[in-house]
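One structure below.
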Amino acid sequence: MSLLDNLNPEQLAAVTLPNQHALILAGAGSGKTRVLTTRIAWLIQTGNVSPNGILAVTFTNKAAREMLTRISAQLPINTRGMWVGTFHGLCNRMLRTHYRDAGLPQLFQIMDSQDQLSAIKRVLKAMNVDEEKFQPRQMQYFINGAKEEGRRAAQVEAYDDFSRRSVEIYAGYDEQCQREGVVDFSELLLRSFELLSRNEVLRDHYRNRFRHVLVDEFQDTNRLQYRWLKLLTGPNSFLFCVGDDDQSIYRFRGANVGNMADFERDYQVQNIIRLEQNYRSHGHILAAANALISNNARRLGKNLWTAAGEGEQLRVYEAQSDGYEAAWIAEEVQNLVKEGHARRDIAVLYRSNAQSRLIEHALFSQGIPYRVYGGLRFFERLEIKHALAYLRLIASPDDDGAFLRVVNFPTRGIGTRTIEQVQDAAKVTGGSLFAAASHLTGKAALTAFTRMIEALRTETAGLQLKEVVEHMLDRSGLIRHYENEKEGADRIENLNELVNAAALFVQETEGEDSNNLASFLAHAALESGENQAAEGTDALQLMTVHTAKGLEFFAVFVTGLEEGLFPHEQSASEDDGLEEERRLMYVAITRARERLYLSFTQTRMLHGQTRYNVASRFIDEIPAGLLKWLTPRLRGQMAQPAWSEPSGWAASAASTPSRKAAAPQNAHGYRIGQAVMHAKFGQGVIVSAEGQGADARLQINFGRQGMKWLALEYAKLTPA
DNA sequence: CGCACGTGGTTTTTT
DNA sequence: ACCACGTGCG
C-alpha cells in the first residue's frame with residue numbers, strides 16, 4: 001500500500017511536485033487536507049527532506065491537530081521535529097526560543113481579545129482620553145489593523161487630529177504591553193516578523209532549516225502573515241500554498257485573497273494545480289454551487305465536478321415568517337431522523353447568530369436534541385479567566401491586567417480607592433501594580449493579597465502543574481467563593497476541569513515545556529478550548545455559515561435566504577461585499593453531501609421590528625431546473641402581516657406563527673407587506689408608508705434595486 | 001459591595 | 001427584542 005494509491009492525477013501531481021513553489025487551487029471537498037499531508041509524508045519518505053525541514057501552518061488548532069494526526073497515520077515517524085501549527089502558535093514558539101532577541105521577558109504572557117480590550121481601556125484612562133470619542137473597540141480594531149499591516153505606531157500615517165491621537169494611543173498601548181510583559185495575538189505575528197527581518201543570523205538559520213513551507217487555507221492569510229512566510233522562505237526553500245479563492249470569507253478580519261495573485265507573481269509560480277474533482281456532493285448540489293459562484297467577477301477560475309450522480313434537486317421553502325421557518329425546520333429534521341439519518345449529520349446554517357434563537361425554540365419544543373456552535377469557549381469563561389489571572393500573576397508579577405482582575409476577586413475588602421492609590425504609586429515608580437502594592441503600607445487587606453501571591457509562588461515552585469492549579473484554587477479562595485454562590489456549581493465544575501486540563505497538558509506535551517506554567521498559560525491563550533462539551537449525544541448541528549466552513553453533512557438547511565440578511569445589507573456598502581456574501585453562500589451550499597434545503601421568509605423580526613423580505617438573489621442565481629419548490633412559488637405575495645393599522649400606514653406588528661390573519665387593505669388598496677410591481681424597479685414589497693390621500697408615500701423594498709420612497713400618486717404601481 | 005436601572009448596539013471569527 | 005455594559009444608589 002503506497003502513499004500515492006487512490007490519488008487522482010491532479011492530487012498526484014500536487015503531492016509529487018518536484019522542488020519548486022506551488023499554488024494549489026483546491027475546491028471544496030476536493031481532498032485538500034489529504035494532499036497537504038500526503039505531500040509532507042511523500043517529501044519525507046522519498047528522502048527529500050527530514051522532518052526537521054518541514055514547516056506547515058494552518059489557521060486553527062483543530063486543523064493543525066488533524067494534520068499531525070494524518071501525517072502520523074501515513075508515516076511511522078516521530079513528528080516532533082516538524083513545525084506544524086497555527087501562525088500564532090508557531091510565532092509563539094519562535095518568540096519563546098528567542099525571547100531576548102525579540103525584546104521580550106522570558107515569561108511573556110499572551111492576552112486574548114478580551115484581555116486586549118481591557119488593556120486598551122486602561123491605556124485610555126491613563127492617557128486621559130475621552131472614551132466616547134475614542135471607543136475602546138474602535139481603538140482595538142485600529143491597533144490590530146495596523147499590526148496586521150506590519151506597522152508600528154511610528155509607521156502609521158496620521159492625517160488629522162483623530163488619527164494622530166489614535167496613533168498616540170497605539171504607541172501608549174504598546175508601551176504598556178511592553179512594561180507589563182504581555183503580547184496580544186497580532187503582536188505575536190508582528191514581533192516574530194520583526195525578529196526575522198532584523199536578525200539576519202536567525203533568519204538564515206530558519207531559512208536553511210525549513211526547506212518546505214506548506215500553507216493551508218492560503219486565501220485566509222493577511223498581509224503580515226504573507227510577509228512572514230516570505231521572510232521565512234529562503235533561496236533554497238519552497239512554498240507550497242493550498243487555498244480556494246472561492247471560499248475566501250474572512251476579509252472583514254484582514255484576510256487578503258490578493259495574496260494568492262501576489263504569491264503567483266512574487267515567486268513566479270510555474271505550477272498552479274487545480275483540484276476540481278469533488279468527492280463530497282451530489283451533482284445537482286455542485287451544479288448549483290458552480291452556477292452561483294460564476295456570478296463573481298474576480299476569480300482565479302475553477303469548476304467542480306463529481307463522479308457521483310446528479311442526486312436530488314435542492315428543496316426550496318418559503319415561510320410566512322421566521323417562526324414558521326423554524327417550525328418547518330424542526331418538522332423536516334424529524335422526517336430525516338425517521339428516515340434513519342443521524343442528527344449529527346444534519347446542519348442548520350444561518351448568516352447571523354441572532355437567527356438561532358427561534359430555531360432553537362422550535363427544536364426545543366419538538367424535543368429535538370441540538371448543539372449550537374459558537375459562543376463562550378472554555379478558557380474564556382469568567383471563572384477560568386480569574387483562575388488563569390492568578391496563575392499569570394504567579395508566573396509574571398508585572399502583569400497588571402491579571403493583577404486588576406483578581407486583586408479583589410473574590411472580594412477581600414480592597415476597594416476602588418485603594419486600587420487607585422496603588423495605580424498612582426506605580427505611576428511614580430514606573431513599576432508594576434503588584435510591586436507598588438507590595439510596598440504600600442497600612443493597607444492590611446492589600447498586604448495580605450500580595451503576601452498570598454508571593455506565598456503561592458514559593459509554595460508551588462517545583463510542583464506538578466496540576467498541583468499548582470489545585471493549590472491556587474484553594475489558596476485564592478476561588479473555590480470557596482463559588483461554593484457560597486447559588487449558581488456556583490457549574491463554575492466549580494469548570495475549575496475542576498481546569499485542573500484536568502493542566503494534567504492533560506503535561507501528559508500530552510513532551511519535552512522541557514511540559515510541566516511549565518508559562519507554556520500552559522500560552523496554551524490556554526492560544527487554544528481557547530472547545531466550544532461546548534455535550535459530545536456523545538446525537539445532536540442536530542446549528543451554526544453560522546462561517547463556522548461551517550470545512551465541515552460536511554448529509555443534509556444542510558441554509559436558512560434566512562433574504563435580501564438584506566443573506567446577502568447581508570451591511571455588505572452592500574463594502575467593497576467586494578456582495579462577492580464575499582456570494583462566496584459565503586458557495587461555502588454553505590458545498591457543505592451538503594446529498595440533500596440541501598434553502599429557506600426564506602416573508603417576514604422576520606429584526607431588532608424588535610418586523611421586516612418584510614424579498615427572496616435572496618442567490619436563489620435566483622441557481623438554475624431553476626435544480627430547484628424543487630416545496631411551497632407554491634408565489635412571487636406575488638411576499639408578505640402577509642398580521643394586520644395593518646386601519647388608518648394610515650403605521651408599521652404593522654409582528655405576526656406570530658400561531659396566527660394567520662387576513663391582512664385588511666387600507667383605503668388606497670395597498671397594505672404593508674404587499675408585493676407590487678413597478679415599471680422601472682420591478683418587483684418589490686411595501687415596507688412602510690406615511691401620509692394620507694394625495695400625499696401618501698410608500699417605502700418599497702425592491703430587493704437588489706434597493707429601498708425606495710415613492711409617492712403613491714405618481715408611482716405607477718400595480719399589485720403583483 | 002451588590003443590585004437596579006438606563007443606554008447603546010445589534011454580520012461574520014480565530015488566534 | 002435582547003443583551004452587555006456602565007453608573008448610581010441603598
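Sequence lines set the chain letters: A, B, ... in the order given, protein chains first and strands last, and positions in each chain run from 1.
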Could you check how far [atom1] of [X] sits from [atom2] of [N], rounded to whole Å?
X: Arg253(A); N: dT15(B); atom1: CZ; atom2: P; answer: 8 Å
X: Tyr373(A); N: dT14(B); atom1: OH; atom2: C1'; answer: 17 Å
X: Glu580(A); N: dT11(B); atom1: CD; atom2: P; answer: 15 Å

Q.
Is there a side-chain contact (heavy atoms from CB on, under 4.5 Å) between Ser396(A) and Phe108(A)? Walk through the geometry before answering.
A. CA-CA 7 Å; Ser396(A) 159; Phe108(A) 69 85; over 6 Å; no
Q) Asn408(A) side chain N/O closer than 4.0 Å to the phosphate oxygens (OP1, OP2) of dC1(B)? A)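 For dC1(B), OP1 or OP2 has a side-chain N or O of Asn408(A) closer than 4.0 Å.
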**Q.** Parallel, tilted or perpendicular: rings of Phe557(A) and Tyr597(A) (30°, 60°)
**A.**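 Ring orientation, 0 to 90° scale: parallel.
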Q. Taking the inter-plane angle between the rings of Phe252(A) and Tyr250(A) on a 0 to 90° scale, is it parallel (under 30°), tilted (30 to 60°) or perpendicular (over 60°)?
A.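 Geometry flag for Tyr250(A) against Phe252(A): tilted rings.
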Q: May I ask whether Phe252(A) stacks on the base of dT12(B), given the cut-offs of 5.5 Å between ring centres and 30° between planes?
A: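 Yes, Phe252(A) stacks on the base of dT12(B).
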Q: Flag as yes if His568(A) stacks onto the base of dT11(B) (centroids under 5.5 Å, planes under 30°), otherwise no.
A: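 Here the ring of His568(A) and the base of dT11(B) are stacked, with centres under 5.5 Å and planes under 30°.
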Q. Is the ring centre of His386(A) less than 6.0 Å from the ring centre of Tyr482(A)?
A.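 For His386(A) and Tyr482(A), the ring centres are not under 6.0 Å apart.
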Q. How about Phe449(A) and Phe403(A): are their ring centres within less than 6.0 Å of each other?
A.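 Here the rings of Phe403(A) and Phe449(A) have centres that are less than 6.0 Å from each other.
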Q: For each nucleotide in nucleotides 1-10 of chain C, reading 5' to 3', give B when a protein heavy atom comes within less than 4.0 Å of its base, S when such contact involves only the sugar-phosphate, and - otherwise.
A: BSS--S----
Q: By nearest nucleotide on DNA chain B, pick out whichever of Thr416(A) and Ala525(A) is the more 5' one.
A: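 Result: Thr416(A).
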Q. Taking the nucleotide of DNA chain B with the closest heavy atom to each, which residue, Thr544(A) or Ile414(A), is nearer the 5' end?
A.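 The 5'-side residue here is Ile414(A).
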Q: Select one nucleotide: of dT14(B), dC1(B), dT12(B), the one nearest the side-chain heavy atoms of Thr60(A).
A: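 The answer is dT14(B), which lies nearest to the side chain.
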Q: If a pair satisfies ring-ring contact (aromatic ring centres under 6.0 Å, His included) and one of its residues is in residues 124-147 of chain A, list it, with sequence neighbours excluded.
A: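 Every ring-ring contact (aromatic ring centres under 6.0 Å, His included) pair that includes a residue of residues 124-147 of chain A, provided the two are not neighbours, is Phe134(A)-Phe162(A).
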Q: Rounded to whole angstrom, note down the C1' distance from dT11(B) over to dG6(C).
A: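 Nearest-Å result for dT11(B) against dG6(C) at atom C1': 25 Å.
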Q | Rounded distance in Å between the P positions of dT12(B) and dC5(C) | A |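 Those two atoms are separated by 16 Å.
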